[in-house]
Every structure is written in structure tokens, then in C-alpha cells.
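As the structure lists them, so they are numbered: ligands from 1, and atoms in each ligand from 1.
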Amino acid sequence: MNVVKVGLLGLGTVGGGTVNVIKKNANEIARRTGCKVVVTKACARDISRPRICNTDDVELTTNPNDVINDPDIQIVLELMGGDEPAKSLILSAISQGKHVVTANKALIANHGNELFAAAADNNVTLAYEAAIAGGIPIVKAMREGLSANKIEWLAGIINGTGNFILTEMRDKGSAFADVLKEAQELGYAEADPEYDVEGIDAAHKLCILASLAFGMPLNFKKVYTEGISKITPLDVTYAEELGYRIKHLGVARKSDKGVEMRVHPTLIPETRLIANVDGVMNAVVVKGNAVGPTLYYGPGAGAEATASAVIADVVDICRQMSQSAENSVPSLGFLSDELQELAILPIEEIVTAYYLRLSVKDKPGVMAAITTVLANNGISIEAVLQKEPKHGSNAQIILLTDNVLESSLLSALKEIESLDSINEPAIRIRVESLQ
Ligand code: NDP
Ligand code: HSE
């Protein structure tokens, strides 16, 4: 049987999980590829550290060049994360004619255009299934399974750590910092957990999904990004009273005006399947113009779940190695000379419904003043809740608006926040019906 030698850059959560799954499922992988896939070398910063995998038959090194310059290694798995040295190492492996698999969404979102071009120039594959939504085969679904469709929009819970934190806060009333610590211990969080909490990791993934959906170059700097750090248990409770769940959602939509790319906390009706995606699980809804809405669900982070996606790419490469290069699937699913530069809409031009929570002085006429400002700005109200002040605090007015242009909402809020009866800046969270 043909032996395919694989080298790992990084032997942490994903690298360790990958070694374990390659060993555990060696027979299945051989039955699918006709190849025996073996990890021969792996690099880490400190090779004396205990690992989650058995490394008895893997040569360990602290020098990544030992892996990429090994002439016997045909496929390099970049599972170290970060910008550099990962980028230079990938380019060097590609220039030596090696195929590369990466789980590094930050790198693909920021440098994918350059990296894919280098892979095409050298006639090798740069695969990245594990970079988005952990174990869910969403890249394959979008590049291949949905290739008959024009994609209209997609929306996803695409950060496992963030969803885990929101779920634990809601179900157990746990404190934000405690749940984040647990997510780190479980290997879900990024090296810098701010990436998870402030939405940067989800923005990396959304940028890649938008390019896969609409056939445009990667454009990370244009993704509007808000994280989950400002969500309070109070808003989670009020949203539930109104029949909604708060989820951290990435949304990409194409219209005649341009492309929306945005990541932010969002109220979703509790009856939608995606509103019930909890814990570390991720889900992506993709609406194609032929198939309609489709939903992809699975674990968004974790050692073996992510390894599943890494190894699926290795299997694809093993299969391709026995075929001609022109049979391979383009990196973003569209021929590279067919990628289109599309206008990305600024957040002020986006239309969504809104959840608003206003902290107000408990006196007559407040509600009337607020609704007058909203009406003057052409904003309709869908639902209202009013909560009496507790222990000397302010009364709370919670409003659900109809769809409104972001810039109109911002001017209305400016007026509302200048009213004498309003004590604090409004809390505002976008609402998506996802239909
Ligand atoms: P870890 O921190 O667990 O592992 C990183 C590994 O890379 C470690 O073994 C580390 O060595 C090694 N490493 C880092 N920098 C260097 C360097 N300069 N030279 C040599 N070795 C280095 O990270 P994860 O496994 O969690 O993540 C890896 C990648 O996968 C990231 O891009 C991440 O975004 C992505 N990802 C992670 C998922 C997850 O669930 N964790 C899911 C999907 C994608 P040492 O062990 O000695 O510190
Ligand atoms: N930190 C990421 C998450 C890992 O929690 O989703 C998977 O990409």
C-alpha cells in the first residue's frame, strides 16, 4: 500500500487530536484512500511537555524547518496558529511542492489571497476545512454540495467558546470569567481568548464563508465585528420573555447594493433551530436560490472534532495525488480568475430589527417621549415590555423594533439618550428572523 508521510507544525489541542484520530481510524482512512497515512515528524515549542497523544513513533523537534524540509513528507499540517512563523512556513512548504492543511482561520482570513495564489502557482493544495466551525464540513458543503446554487445569505454560530459561554450563563447563571476559564481548559479557546470573546475569531470565519458564498477575494478588514463581552444576564432574561434567544451570529448577505459581512450578538426567535444550538456546538444556515435554506450543525471546537476536519482534507489530498491537478476543487470554490471584487456595505447601511433596553426615570410621559422620537424617525415598534424599578434603580423599557436602517436607528437613539428622563446609553442588540 502507498504510504503518505505527514508532518505536523504544532502538537497542541488540534495537533494532538489529529495524531490520535489518524491512529484510531487508520484502517478506515486506508479503505477510503488506498494509502497508509502516517505522522512521521511533529514540531512544538517545548517537546518535553506531556501531550494528549502518544508520540512514540513520531520524531519530535522544536525546529519547524525540520518538518517542512524533510523530503519524505508530502503533506504538512499547520496546527500551530498565529500569523508568523506560520505564514512563512506554509509558503516555504508550498514552494517545495508540498500540500498543506491548516486550521488557522486568522491566517486564511488575513493572507488567504496570497497563500492560495502561491499554492496554485506551485500546483499544490492548501486546504482549510478545520478553519471554520470545527468539525462541521462546511467548506465542502459550500464549495461542492451547494455548487449549483447562487448563495443569497448565510448566518452562523461560528465560535464554540462564545456559544459555550452564552449557554452556561443562561442555563446555570455562571459568571462570564468562570466559563471562559472552563472553555480554555477544554481546549476550545484561542491562544488569545479576546479573539473568541470580542468576535475576532468569528469575523475571521465569516470572512472566509462570505468569499466561499459569493466568489470574492477575502476581505477581513471589511467585516463589522462586535463581541459578547457586553451581554448581561438581564438582557438574556428579557429576550427570553419576548420569545427570543441571544446568540453571537455571523451574517453574510448579498443584495443589489453590495455585500453585508457582520458579526454581533443577535436576538433570534426561540422557535428557530439555530436558536437552540447550545454549548460548544456551531451551526450555519446557508440559503441557496435553488435548494432554499440548509442547516449544518456540529461541534465547533475541540481536539478530535477539529481533527476530523483536518483529516478529511488529508484524505482529499491523498485522493487528488492519484489524479490530475485540474480535477481539484478551486480554493474558494470559484475559478480564481472568476473571483469578483464586490462592494461591501458599511454597517450604517444595513437594515435589521432591534432589541432596545432603556434605563429610565420612573415618571409620567417617558414612554410617550420615547415612542414619539421613534415615530418621527420612521421606526415602528413590534413589542414593548416595561419593568418597574427595583431597590431604587431605574425602570427598564424594552422595545422590539421593526426592520430599520442602522443610520436611522442611531439618530433616533441620539435623540432618545438626550431626553432628561434617560439615565444611561441604550442597550441595543440586532434581531434576525432568519427566514
Ligand atoms: P494549541 O495552543 O493547543 O497548540 C499549538 C501548538 O503549536 C503547540 O503544540 C505549540 O507548542 C505549537 N507552536 C506554537 N508556536 C510554535 C512555534 N513558533 N514553533 C513551534 N511550535 C509552535 O492550539 P490549538 O491546537 O488549539 O490551535 C491550533 C490552530 O488550530 C489555531 O490556528 C487555532 O485557531 C485552530 N483551531 C483550533 C481549534 C480548537 O478547538 N482548539 C478548532 C479549530 C481551529 P507547545 O505545545 O510546545 O506550546
Ligand atoms: N476558538 C475557536 C472556537 C476554536 O471556540 O470556536 C474553533 O475554531
Query - Sole residue of Thr266, Asn276, Asp278 in side-chain hydrogen bond (donor to acceptor under 3.5 Å, both in side chains) with Lys247 - result: Asp278
Report task. Enter the distance from Leu409:CG to Tyr354:OH here, rounded to the nearest 0.5 Å. Result -> 5.5 Å
Requested in this report: Using a strict cut-off of under 4.0 Å between a residue heavy atom and any atom of ligand 1, list the qualifying protein residues by chain and number.
Outcome: Gly10, Leu11, Gly12, Thr13, Val14, Cys43, Ala44, Arg45, Asp46, Arg49, Arg51, Leu79, Met80, Gly81, Pro85, Ala103, Asn104, Lys105, Ala130, Gly187, Glu190, Ala301, Gly302, Thr306
Query raised in the report: Sub-3.5 Å donor-acceptor pair from the side chain of Asn122 to the main-chain atoms of Val124, do we have one?
Result: no
Query - Option from Lys387, Arg428, Arg357, Lys230 for which salt bridge (charged side-chain N to carboxylate O under 4.0 Å, His left out) with Asp235 holds - result: Arg357
**Report entry** Check against side-chain contact (heavy atoms from CB on, under 4.5 Å), Met80 and Leu89
**Finding:** CA-CA 11 Å; Met80 60 180 13; Leu89 292 168; 3.9 Å; yes
Report task. Start with the C-alpha gap between Asn282 and Val277, add the side-chain angles, then the distance that decides, and say whether side-chain contact (heavy atoms from CB on, under 4.5 Å) holds. Result -> CA-CA 7 Å; Asn282 280 192; Val277 171; 5.7 Å; no
Query raised in the report: How about Phe164 and Tyr188: are their ring centroids closer than 6.0 Å?
Result: yes
**Report entry** Distance-only polar pair, side chains of Thr102 and Glu78, donor-acceptor under 3.5 Å
**Finding:** yes
Requested in this report: I would like to know whether Leu212 and Ile138 meet side-chain contact (heavy atoms from CB on, under 4.5 Å); could you show each step before the answer?
Outcome: CA-CA 10 Å; Leu212 282 164; Ile138 187 68; over 6 Å; no
**Report entry** Neighbour list for ligand 2 [protein residues, heavy atom under 4.0 Å]
**Finding:** Lys105, Asn159, Gly160, Thr161, Tyr188, Ala189, Glu190, Asp196, Asp201, Lys205, Gly300, Ala301
